[in-house]
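Quick note on labels: first sequence line is chain A, next is B, and so on, each numbered from 1.
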Amino acid sequence: MADKTKEANKLKARLPRGLADRGPAEIAATRTMIEKIREVYERYGFEPVETPAIEYTDALGKFLPDEERPNEGVFSFQDDDEQWLSLRYDLTAPLARYVAENFDTLPKPYRSYRVGWVFRNEKPGPGRFRQFMQFDADTVGSSAPAADAEMCMMAADTMEALGVPRGSYLVKVNSRKVLDGVLESVGLGGEANSGKRLTVLRAIDKYDRLGRSGVQALLGEGRKDESGDFTRGAGLNEKQMEKVLNYVEVQLVGDLESVLKDWSREIGSSPTGQEGIRELAEFGNFVRGANYGPDRISVESSVVRGLEYYTGPVFEVELTFPTGGADGSPRFGSVGGGGRYDGLIARFRGESVPATGFSIGVSRLAAALQHLGKIDARPGPGPVVVTVFDRDRLADYQAMVARLRAAKIRAELYLGGGRMAAQLKYADKRNAPCVVIQGGEEKARGEIQIKDLIEGAKAAAAIASHQEWRESRPAQFAVAEEKLVEAVREVLARHGLRQDQPSS
RNA sequence: GCAGCUGUAGCUCAGUUGGUUAGAGCGCCUGACUGUGGAUCAGGAGGUCGGUGGUUCGAGUCCACCCAGCUGUACCA
């Protein structure tokens, strides 16, 4: 009866949805990635600055208009003084707060980078989590297109530093101003049309995925998806639709110059649009001048990005190797992005402060790299395990562990209560390269046994009977007690293992 | 959010038109081997069949609602 109560009260161990635990292999992979990205960012002259994971909600700009509560989509809670706090959902908004708060002491233009976890309270999916890691760089205080160009070149360099070969990724660039120009040219300017503008931009954003017909449906009446769900369209007329589609589809028919010329024709006299064209032209000069061709950085009409704060050029890094095929392999798509946000810091200060930035989605990119085989997902080698033969000689065994550690070899004493078989099983599970054994007989001779588990595993295949397996003690040898460190080193070297570095 | 599909042991899944005590493989634990990983053999632990309510003499199976997961779609700073 008592057991039943206990059973009923037992807490169920469960991970909240959209969140993930991370094991040694993944942590090691992330660590290497971060170091590679850091190296590129520092080479570009950015310096590290980090801000906390929690900010006041209003600093993140996440109050819905006319509402007392923060936006859904961000994790928020109230402080004891009833002020709303939120977990950051990206690294850009907190940086804007930091820059505004320290404006007078920072060098300008101010170039900084940071890496950290961000949180989004959204529906998770494969490769989409509610906590994920971003690596972000920003230049604050420069309105020069050269600053935007630099972001894109750095994005390309970063991808290659991470082992994504040229041709397997593409930095796509567009301009918010150009998009606004297109909308103006079809008569969607002004406050009254802001809702319609959003719908049109979202439709354009889907061109890659849905193709012409899908976008056409979304620009017009609406679209029905495979499950039968219906999405309302923007309700444009034929002429408007054609103009928007013309703009989208001139992409990549020629070099940058001719694309911009075509866009310019579609946009007509819209001043915002023409300004965007001029900026992109200048951007192109920098990029092409530095020999970043269309195989790395390319202007694309369908890049829209989020609608919140971007004001000029917008970028997106996409993986272009074949995924998402019929074989069910995952689609990775965008693994990073950014753009110019000239208005974000102005919210804290009277004056407008131009800024541009770029973020890599470390978590998603890690998943993609693993798929590409660029990340080794195998567990790293474990520590040398010193087994406990005689309980009352623990101090001796501990001394051996200490000697190994002093020689910078990862080592541990078996701390469980199991017998020898259990200890070896443990060592096996820990992926230990070898174990150290010293029983009464060895002690009497002043020797220790070293068992090479990697070699032993290979020998196992040839041994059929358990009797033989035990008696032959494969890959096991005796050495004098004082030769412990040398012998272990030899085993490690035999398997090409580095001794001075933890692997996971 | 909307739509479709799916929930049975740690994992992958069986479970007949509703019918005794819900099964298998893998994994896990113990032993054979009292001083040694693997293989083999023997034994064992582990399930309120996603939850609640209903129909029924009887529900893993049928019905309703809820929850969770997957897929698509919307949103994605």
For [N], which nucleotide in any strand shown is its Watson-Crick or wobble partner with both distances under 3.5 Å?
N: A59(B); answer: none
N: A39(B); answer: none
N: G7(B); answer: C67(B)
N: C76(B); answer: none

* **Selection residues 380-393 of chain A - residue pairs positive for side chain to side chain donor-acceptor pair (under 3.5 Å), sequence neighbours left out** =>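 Sorted result for residues 380-393 of chain A: Arg393(A)-Asp396(A), Arg393(A)-Tyr397(A), Arg393(A)-Gln438(A).
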When you get a sec, tell me which of [options] is the closest nucleotide to the side chain of [X]?
X: Ala457(A); options: C75(B), G35(B), G37(B); value: G37(B)
X: Lys451(A); options: C75(B), A77(B), G37(B); value: G37(B)
X: Tyr309(A); options: G37(B), A77(B), G1(B); value: A77(B)
X: Leu424(A); options: G37(B), C2(B), A77(B); value: G37(B)

So what does [X] hit on the nucleic acid, given a heavy-atom distance under 4.0 Å: a base, only sugar-phosphate, or nothing?
X: Glu441(A); value: base
X: Phe389(A); value: base
X: Lys458(A); value: nothing
X: Leu60(A); value: nothing
X: Asp452(A); value: base

In whole angstrom, give me the gap between the [atom1] atoms of [N] and [M].
N: A59(B); M: G4(B); atom1: C1'; answer: 26 Å
N: C75(B); M: C28(B); atom1: P; answer: 47 Å
N: A3(B); M: G46(B); atom1: C1'; answer: 38 Å
N: C2(B); M: U55(B); atom1: C1'; answer: 32 Å
N: C65(B); M: C29(B); atom1: C1'; answer: 41 Å
N: G47(B); M: G15(B); atom1: P; answer: 23 Å
N: C76(B); M: G69(B); atom1: P; answer: 23 Å
N: U52(B); M: U48(B); atom1: P; answer: 11 Å

* Asked: Going by the angle between their ring planes, with limits at 30° and 60°, are Phe315(A) and Phe358(A) parallel, tilted or perpendicular?
  ->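 Ring orientation of Phe315(A) relative to Phe358(A): tilted.
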* Sub-4.5 Å side-chain heavy-atom contact between Leu95(A) and Val140(A) ->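 Yes - at least one pair of side-chain heavy atoms lies under 4.5 Å apart.
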* Calculate the interatomic distance between Arg391(A) atom CZ and G35(B) atom P; express it in whole Å. =>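 Computing the Arg391(A):CZ to G35(B):P distance gives 13 Å.
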Listing time: all N or O pairs from protein to nucleotides 39-46 of chain B that are below 3.5 Å?
from   : atom 1 : to        : atom 2 : distance (Å)
A39(B) : N6     : His466(A) : ND1    : 2.6

Could you write out each protein N or O paired with an N or O of nucleotides 27-30 of chain B at a distance under 3.5 Å?
none

* About how many Å separate CG of Leu85(A) and CG of Leu60(A), when rounded to the nearest 0.5 Å? ->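 One finds 9.5 Å between CG of Leu60(A) and CG of Leu85(A).
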* To do: Decide if atom CD of Glu221(A) counts as having more than 12 heavy atoms of other residues, nucleotides or ligands within a radius under 6.0 Å.
  =>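 Open.
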